[in-house]
There are 2 protein chains.
Amino acid sequence: MNKLRSPTIIDVAREAGVSKSAVSRALLGQGDVSPETLERVLAAADLLGYVPNAMARGLVSQRTMTLGVVLRDSTTQFYGYLQAAMQRRAAKFGYEVVSVTGVDDLTVEDAQKALRSLIALRVDGLIVSSAQLPGEDLVRYAQRVPIVVAGRAEYAEGIVSVHCDEEDGGGQIAEHVVKLGHRNVAVLLMSSDESPNGYTRGQAMIRTLEASGVTVHVMELDAYRAPVGLAVMKTLADPAITALMCPSDITMVNVLEELRVQGIPIPGRLSVTGYDAFGTLAAPFFGFTSFRLPVEEIGTTAIDRVIELIEAGVTSEKRTAIPGVLVPGRTAAPPRR
Amino acid sequence: MNKLRSPTIIDVAREAGVSKSAVSRALLGQGDVSPETLERVLAAADLLGYVPNAMARGLVSQRTMTLGVVLRDSTTQFYGYLQAAMQRRAAKFGYEVVSVTGVDDLTVEDAQKALRSLIALRVDGLIVSSAQLPGEDLVRYAQRVPIVVAGRAEYAEGIVSVHCDEEDGGGQIAEHVVKLGHRNVAVLLMSSDESPNGYTRGQAMIRTLEASGVTVHVMELDAYRAPVGLAVMKTLADPAITALMCPSDITMVNVLEELRVQGIPIPGRLSVTGYDAFGTLAAPFFGFTSFRLPVEEIGTTAIDRVIELIEAGVTSEKRTAIPGVLVPGRTAAPPRR
DNA sequence: CTGAAAGCGCTTACAG
DNA sequence: CTGAAAGCGCTTACAG
């Protein structure tokens, strides 16, 4: 555990018998160096286990080739998938991705702190995926560093966003329920504070159902993980209701547990739908009727946008809504006559 | 999108009408500053939206107060939970956590690249959670920067590790199966290359079963997500076998799907067990019989160890095995007579 | 093709 | 309590 001093460019230069300028050029592969110098530098660097100090490098070059990502909560699978997709895409362009995540849920304060530490690291670009951060906080920094919001639509001045087309998604899954023949449907609606996405998709469901002449029973919900007992009770109390639409797969699992405990047959007595359809809950075994969020494309596109911003200063699109895909399953079926 | 130059300490100094040394002292809160200077500096910094350049700061102070984390694959929930736990703990000590993740699966090469870029950032400590990275690669860097391996036991010289007590875990869940009365049990065993943890826990299951006089049928598996069709077929072909033990919940879900398609009643014809028991698959709705990995404690302890190493140069324990807890569920029951 | 010099934005002794 | 100076480890014009 004796802390060895990390070798610097000076050490490499001494070992190779050249100047540190030569080492820098050789390692960067830019500027001219003789083949012989190149070889000696490479050998010396390897021998010493030299890893260039990114701070010193970034300080002078004013570029870090690093993208910062603020994640709302890494325990939610969406963020894990997003992170992976971003990393994969960024690597293609030679950028590194470093991320800071919240725990349980990122408070506004946490998110601001995370944002600041990423800015302190002077990342070349920032991707924010946290519903909580107010747009104004972003605007303030967006003049200095390119910022892209991933996972929700952002309307603040000068902020680019990439998100799922919730209008389309909520509409598609509601249409699926309509086509199955349901005429009385309960919808669990998220509060818009807690989840703008959940709210938007819920409203889209409601609109689509109503447009088809379906009677809609709206039940409000505070959070994806909020208790659903009451909503389930109210749904079952009305024998006319034959389907229950949830704002997420997590919520759906909670609903299904309530129904299981009460011995309610699914989809016999009640059809149930979710939303998300990726990760472990998307396994065929569960057979959840859901709607797949295009998490991969959201990540990829967010990276593309931020790199456009970094390298060209402008972006091709200010807001990009990416469509997902309906996932029919075994939890929703035509209503029993 | 006009890229504004970020304000530097010089800008703040000018605005406050003091020297940059004074600004530095005021902002760091160390060294003496008059209350008046303090106030003016704070006001100026706030006005300008000053965020200290972490690179410049790190370059001179030789400390970054940042911990680097290499994650195998952020789409696996274990890593998401680990990341969150680490972040939470590190924040308590004033450290920031930045993580680099693999995609799908981190190759040795990816992991090395990730390690190097974190070292280039001159993080104060490193936590590696990737089964693939050879111990020797770690040893090489461990002389320079404290490294802790999280999630697997590491025996390489000078490397500290924190992991689940797989011996105990495999043993406990096997004992549960024994107590239920099974006398003929199939065990899906991971290859040790793919997953040292999976292999260790599998061996522990086998040992425990055999010690109780149970007949064990070992079936090898390449990966957690590998197809399980053949193993399930072989298990069902032998009517004496009444239980099937899986190395993870993910594998278990695949097994259950095979069984569902074939219409095999669970746990009537066959009891099935998993391993992991956190995240979405741990919801009561599923009722999986499993064993909970102490992911929270692994993360917390890993952070504690790396901070000990950074601040004291030594650690209280070289290898820490943390026990998990048995989660009885509805997928395992006494065998049908 | 090469090296000496300046400078990136900070912190930290060091005088005063 | 304050500011001038040195220096962290690099890159980048600039002469040669």
Side-chain angles (χ1 to χ4, degrees), chain A residues 3-41 44-45 48-66 116-117 119-124 144-145, chain B residues 3-41 44-45 48-66 116-117 119-124 144-145:
Chain A
K3 198 114 156 236
L4 248 61
R5 196 178 56 81
S6 280
T8 72
I9 197 171
I10 302 269
D11 299 317
V12 178
R14 188 184 309 123
E15 179 71 31
V18 298
S19 73
K20 60 176 182 163
S21 315
V23 174
S24 177
R25 269 179 244 123
L27 260 25
L28 253 39
Q30 55 195 33
D32 296 313
V33 259
S34 67
E36 197 203 322
T37 300
L38 179 62
E39 192 182 341
R40 295 176 59 181
V41 168
L48 267 31
Y50 174 69
V51 179
N53 185 322
M55 295 185 294
R57 182 174 269 183
L59 197 56
V60 29
S61 68
Q62 304 283 26
R63 294 274 310 255
T64 54
M65 294 308 284
T66 299
R116 282 179 68 93
S117 51
I119 289 176
L121 286 170
R122 295 299 190 268
V123 293
D124 293 337
R144 285 189 209 161
V145 54
Chain B
K3 197 114 155 235
L4 248 59
R5 196 178 55 84
S6 280
T8 72
I9 197 171
I10 301 270
D11 299 318
V12 178
R14 187 183 309 122
E15 180 71 30
V18 297
S19 74
K20 60 177 181 163
S21 316
V23 174
S24 177
R25 271 179 243 123
L27 260 24
L28 254 38
Q30 53 195 35
D32 296 314
V33 258
S34 67
E36 198 203 320
T37 300
L38 179 63
E39 193 182 340
R40 297 176 58 182
V41 168
L48 265 33
Y50 174 68
V51 179
N53 185 322
M55 294 185 295
R57 181 173 270 183
L59 197 56
V60 29
S61 68
Q62 304 282 28
R63 294 273 310 255
T64 54
M65 295 309 284
T66 298
R116 282 180 67 92
S117 51
I119 289 177
L121 249 21
R122 295 298 188 268
V123 292
D124 293 337
R144 280 186 213 166
V145 54

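Chain identifiers are assigned alphabetically (A, B, ...) following the order of the sequence lines, protein sequences preceding nucleic acid strands; residue numbering begins at 1 within each chain. Values reported hereafter were calculated over all heavy atoms of this structure, with side chains retained and with hydrogens, waters and symmetry mates removed.
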Quiz item: OP1, OP2 of dT2(C) versus side-chain N and O of Thr37(A): anything below 4.0 Å?
Solution: yes

Quiz item: Of all residues at least two apart in sequence or in a different chain, which pass the side chain to side chain donor-acceptor pair (under 3.5 Å) check with Thr37(A)?
Solution: Ser34(A)

Quiz prompt | Polar side-chain atom of Thr64(B) near backbone of Gly58(B) as donor-acceptor pair, under 3.5 Å | solution = no

Quiz item: Can you name the residues that form a side-chain contact (heavy atoms from CB on, under 4.5 Å) with Val23(B), not counting sequence neighbours?
Solution: Ile9(B), Val12(B), Ala13(B), Val18(B), Leu27(B), Val41(B)

Practice problem: List for me each residue that meets side-chain contact (heavy atoms from CB on, under 4.5 Å) alongside Arg63(A), sequence neighbours excluded, and say none if there are none. | Solution: Ser61(A), Met65(A), Tyr95(A), Asp124(A), Ile310(A), Glu311(A)

Practice problem: Walk me through it: do Leu59(B) and Leu59(A) pass the test side chain to side chain contact (heavy atoms under 4.5 Å, CB included)? | Solution: CA-CA 9 Å; Leu59(B) 197 56; Leu59(A) 197 56; 3.5 Å; yes

Practice problem: Using a 3.5 Å limit on both pairing distances, list the dot-bracket string of DNA chain C from the 5' end; Watson-Crick and G-U wobble pairs count, crossing pairs take [ ], interstrand pairs take |. | Solution: |||.||||||||.|||

Quiz prompt | Sequence-distant partners of Ser21(B), side chain to side chain donor-acceptor pair (under 3.5 Å), two or more places apart | solution = none

Quiz item: For every nucleotide of nucleotides 7-14 of chain C, 5' to 3': is a protein heavy atom under 4.0 Å from its base (B), only from its sugar-phosphate (S), or from neither (-)?
Solution: BBBBBBB-

Practice problem: Just do the side chain to side chain contact (heavy atoms under 4.5 Å, CB included) check on Leu28(A) and Arg57(A) with the steps written out, would you? | Solution: CA-CA 11 Å; Leu28(A) 253 39; Arg57(A) 182 174 269 183; 3.3 Å; yes

Exercise. Please tell me if the side chains of Arg122(A) and Ser6(B) come closer than 4.5 Å, counting only heavy atoms from C-beta onward.
Key: yes

